[in-house]
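The figures that follow rest on heavy atoms only: side chains count, while hydrogens, waters and symmetry mates do not. Naming: A, B, ... by sequence-line order, numbering from 1 per chain.
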Amino acid sequence: DAGVTQSPTHLIKTRGQQVTLRCSPKSGHDTVSWYQQALGQGPQFIFQYYEEEERQRGNFPDRFSGHQFPNYSSELNVNALLLGDSALYLCASSLGSGRNYGYTFGSGTRLTVV
Amino acid sequence: TQLLEQSPQFLSIQEGENLTVYCNSSSVFSSLQWYRQEPGEGPVLLVTVVTGGEVKKLKRLTFQFGDARKDSSLHITAAQPGDTGLYLCAGANAGGTSYGKLTFGQGTILTVHP
């Protein structure tokens with residue numbers, strides 16, 4: 001049973017560029033959340049998608065946007081990259097909100113902005 | 001803004017010792033989740049506690065949710081080198097428009113020496 005799959009695993013981009021990260025949720029899960037984890041910190045919530053709509057958003061600028069497809073997979077887009085966007089980006093899937101049963105996380109995409 | 005204070009930040013112990021990690025907040029959470037993260041990987045769910053005062057045991061790990069659902073603790077008995085990793089507590093928001101967004105603590109880096 002495949003868990004959460006994220007691609008690519010590593011990415012190097014130049015400041016000002018745009019990036020798209022991809023996530024396939026665990027089989028049977030319908031909700032996808034995205035988190036940003038800086039080195040040595042806990043993950044920070046970016047947003048959550050359910051039924052192809054952004055259901056909740058964290059304290060991130062509009063440069064961060066996303067999409068969920070009918071097959072529940074999701075993309076995270078970041079425009080006008082800043083050096084401070086360098087981090088591990090984690091995708092987490094759940095059935096429903098995940099409040100009571102927890103989330104399954106992918107291994108993440110390590111983004112380096114130079 | 002909800003915050004979770006996790007302590008200690010670093011823990012270095014010998015195999016066989018016991019340890020406790022604390023997670024405290026001034027906010028109420030609908031559930032408290034504990035994750036373990038290894039380098040280069042995403043967090044892996046250990047347990048979810050939902051009811052105030054709840055205690056859950058997972059082999060040598062004991063998790064407790066405070067009566068007021070604002071704090072939690074993780075106790076490891078007879079630690080082993082395989083327990084080494086980053087331990088993260090995460091609170092899931094309660095009700096309203098909060099669909100299970102997780103607020104993470106800063107994490108505790110545990111090193112167990114043979």
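Enclosure of atom CG in B/L58 by more than 12 non-hydrogen atoms of other residues, nucleotides or ligands within 6.0 angstrom is indicated. More than 12 heavy-atom neighbours from other residues, nucleotides or ligands sit within 6.0 angstrom of CZ on A/F45. In A/L39, the CG atom is not crowded: 12 or fewer heavy atoms of neighbouring residues, nucleotides or ligands sit closer than 6.0 Å. With a 6.0 Å radius and a threshold of 12 heavy atoms from other residues, nucleotides or ligands, A/R63 has its CZ atom above the threshold. Heavy-atom neighbours of A/N71 CG from other residues, nucleotides or ligands within 6.0 Å: above the threshold of 12. Shown here is A/E53, whose CD atom has no more than 12 heavy atoms of other residues, nucleotides or ligands within 6.0 Å.
Shown here for B/Y35 and A/Y103, the closest heavy-atom pair between the two residues is OH-N, 3.2 Å. Minimum heavy-atom separation, B/L45 to A/G102: CD2-CA, 3.7 Å. The shortest heavy-atom contact between B/E41 and A/L88 is O-CD2, 4.5 Å.
When the candidates A/Q44, A/Q48, A/Q6, A/Q41 are compared by the number of heavy-atom contacts under 4.5 Å with chain B, A/Q48 comes out ahead. Looking only at heavy-atom pairs under 4.5 Å with chain A, the residue among B/L32, B/V50, B/L4 that has the most is B/V50.
Here the straight-line distance linking atom CZ of B/F104 with atom OH of A/Y35 works out to 5.5 Å at 0.5 Å rounding. Note that CD of B/Q33 is 12.0 Å distant from OH of A/Y101, once rounded to the nearest 0.5 Å.
Note: the hydrophobic cluster containing B/Y22 does not contain B/F65 (ILVMFWY, side chain heavy atoms under 4.5 Å, direct or indirect links).
For a residue to count as touching a neighbouring chain, one of its non-hydrogen atoms must lie under 4.5 Å from one of that chain's; by this rule A/Q37 touches chain B with the side chain only. There is no contact between B/E38 and chain A, counting heavy-atom distances below 4.5 Å.
Put simply, the residue from B/L88, B/T103, B/L102 that forms a side-chain contact (heavy atoms from CB on, under 4.5 Å) with A/P43 is B/L88.
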